[in-house]
Amino acid sequence: HHSTLQFTSKPCPLYSPQAADLVIELSQTHKAKPDLTNLVFGTVFSDHMLTIEWTSNGGWQKPHIKPFGNLSFHPACSAMHYAVQLFEGMKAYRDTDDKVRLFRPMLNMNRMAKSAERACLPAFDRAELVECIRRLVQVDREWVPQSDSASLYIRPTFLGTEPSLGVKKPSRALLYVILSPVGSYFSTGAKSVSLWADSKYIRAWRGGTGDCKMGGNYGASIYAQYEAVDYGCQQVLWLYGDDHQITEVGTMNMFLFWNNENGEEELATPPLDGIILPGITRQSILELTRKWGEFKVCERYLTMADLRCALEENRVKEMFGSGTACVVSPVGRILYQGENLHIPCQEGFPQLASRLMKELTDIQVRSHPTGHRHQFNVYSTLVQRNVIPPVCGQ
């Protein structure tokens, strides 16, 4: 059912997968594109996937783009038994000129390389992997939605496939990438989310892996997520330490826009101290707002006592989460120690969250972002957009 489009016999270097050695097998059948209006996040996948195998003896093998399908693992696979696993989340967007672009892919590769080192998985050439991903998106270009509110979610995944029950660095690994067209991450759409804040569960701790994008961080959070729902909330506000430091919101980084203790208008987010995931959207928001120069932008510790005091003194303007899946998600309510803390949040999106959503969307899906055409070169450099050209014959 497959046809080989390209094959090269050039030997692949041991140190890294090489895009020049990419083998492409096109599927002869094509799945129907989904209706974007009722699309549940991460449930529909494109026609093809990228796979690259590694062994300690042979190094990286040739990258393959092939029809989407199931994977086969040894029953003792180390990813299954010891969570020797990590992943990334990135997106491709179709702009108003019908160009398809990746959003800051090298930042994802940098984070993936850091996670791989922590998981004792092999190093890889980041630029070569980006090129392999670009080629995959190129093959499945028609799966990138033509919509401002939808995109193609890209999920690189890296597994230890050591066929042994020994707890050790794997001698075999598999890196693969799958694509999924997505709409809004939350079922609430553009409405604000409610949070359950309790120190009962801890997402990450110093010296752990909270700053790496590993599956175990997320699997361990599901139980708390369901308890939050039992309390009438949609997400968990993760707290840390005896002083109940605010760390992350569900699977997102957290931002607080307020007048701080000194009366300064400030956008604050927790610092990258080892328990916070270095989000790509988080970094983009920090760079974007610092470029504006309109208010103080700070990476600092924030506690629930700080937030509660600021709410009592009417110093809180907005609170929102940020991430690749949702971009920006306003917070409207926090349940903490039996009390509902109501965060100022107009109908729909509050002012700063709305502005950030618009500016980031402009960068991602519009060739000439509205309102700052003269700054476009600055923004283009800021986000490092990679254009995906059409595939000949498709």
Side-chain angles (χ1 to χ4, degrees), residues 40-43 80-83 85-87 89 153 155 182 184-256 269-270 273-277 279 281-282 301-312 316 318-345 353:
V40 178
F41 182 87
T43 57
M80 303 297 184
H81 292 269
Y82 307 124
Q85 181 268 2
L86 59 95
F87 68 97
Y153 186 77
R155 174 55 67 94
V182 297
S184 176
Y185 182 71
F186 294 111
S187 59
T188 54
K191 296 180 181 177
S192 62
V193 297
S194 54
L195 308 176
W196 178 57
D198 197 298
S199 59
K200 182 178 179 180
Y201 304 107
I202 300 173
R203 190 199 83 88
W205 50 90
R206 288 187 178 88
T209 59
D211 59 345
C212 298
K213 204 164 179 67
M214 295 178 170
N217 296 342
Y218 297 79
S221 73
I222 295 172
Y223 191 87
Q225 164 66 27
Y226 275 87
E227 190 158 340
V229 173
D230 289 340
Y231 281 101
C233 300
Q234 295 159 290
Q235 296 286 319
V236 178
L237 178 59
W238 298 101
L239 307 179
Y240 182 75
D242 294 336
D243 57 350
H244 291 184
Q245 292 174 27
I246 296 170
T247 63
E248 295 193 6
V249 178
T251 59
M252 301 177 285
N253 293 121
M254 192 285 301
F255 284 87
L256 177 64
T269 192
D273 61 356
I275 65 173
I276 302 294
L277 185 73
T281 309
R282 173 190 183 276
Y301 291 105
L302 299 162
T303 67
M304 287 303 297
D306 294 332
L307 178 61
R308 182 181 262 167
C309 178
L311 286 169
E312 290 173 354
V316 175
E318 301 176 29
M319 187 174 179
F320 54 87
S322 71
T324 297
C326 67
V327 186
V328 176
S329 181
V331 174
R333 176 175 65 90
I334 301 173
L335 178 59
Y336 176 63
Q337 295 181 340
E339 179 185 2
N340 277 309
L341 306 178
H342 292 280
I343 310 299
C345 188

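Note that the structure is a prediction, hence the values are computed from the model and not measured.
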Nearest heavy-atom neighbours spanning [X] and [Y]:
| X | Y | answer |
| --- | --- | --- |
| Ile246 | Thr303 | CD1-O, 3.8 Å |
| Cys233 | Leu195 | SG-O, 3.4 Å |
| Lys213 | Gly89 | CE-N, 3.9 Å |
| Glu318 | Ile343 | C-CG2, 4.3 Å |
| Ile275 | Arg206 | CG2-N, 3.3 Å |
| Gly338 | Leu335 | C-CD1, 3.9 Å |

Is a donor on one side and an acceptor on the other found under 3.5 Å between the side chain of [X] and the backbone of [Y]?
| X | Y | value |
| --- | --- | --- |
| Ser194 | Gln234 | yes |
| Gln235 | Val229 | no |
| Ser322 | Val327 | no |
| Asn253 | Leu277 | yes |

Side chains of [X] and [Y], heavy atoms from C-beta outward: is any pair under 4.5 Å?
| X | Y | result |
| --- | --- | --- |
| Leu307 | Met319 | yes |
| Val236 | Arg203 | no |
| Pro270 | Gln245 | no |
| Arg333 | His342 | yes |
| Gln337 | Arg308 | yes |
| Tyr153 | Thr324 | yes |
| Trp238 | Ser221 | yes |

### Task
Please say which of Asp306, Asp273, Thr247 ends up in a side-chain hydrogen bond (donor to acceptor under 3.5 Å, both in side chains) with Tyr301.
Asp273
### Query
Can you find a side-chain donor-acceptor pair between Asn217 and Thr209 that sits under 3.5 Å?
yes
### Donor + acceptor pair across side chains of Tyr231, Asp198 (<3.5 Å)
no
### Task
Look at atom CG of Asp242 and say whether more than 12 heavy atoms of other residues, nucleotides or ligands are closer to it than 6.0 Å.
no
### Message
Can you confirm whether more than 12 heavy atoms, excluding those of Tyr223, are under 6.0 Å from its OH atom?
### Response
no
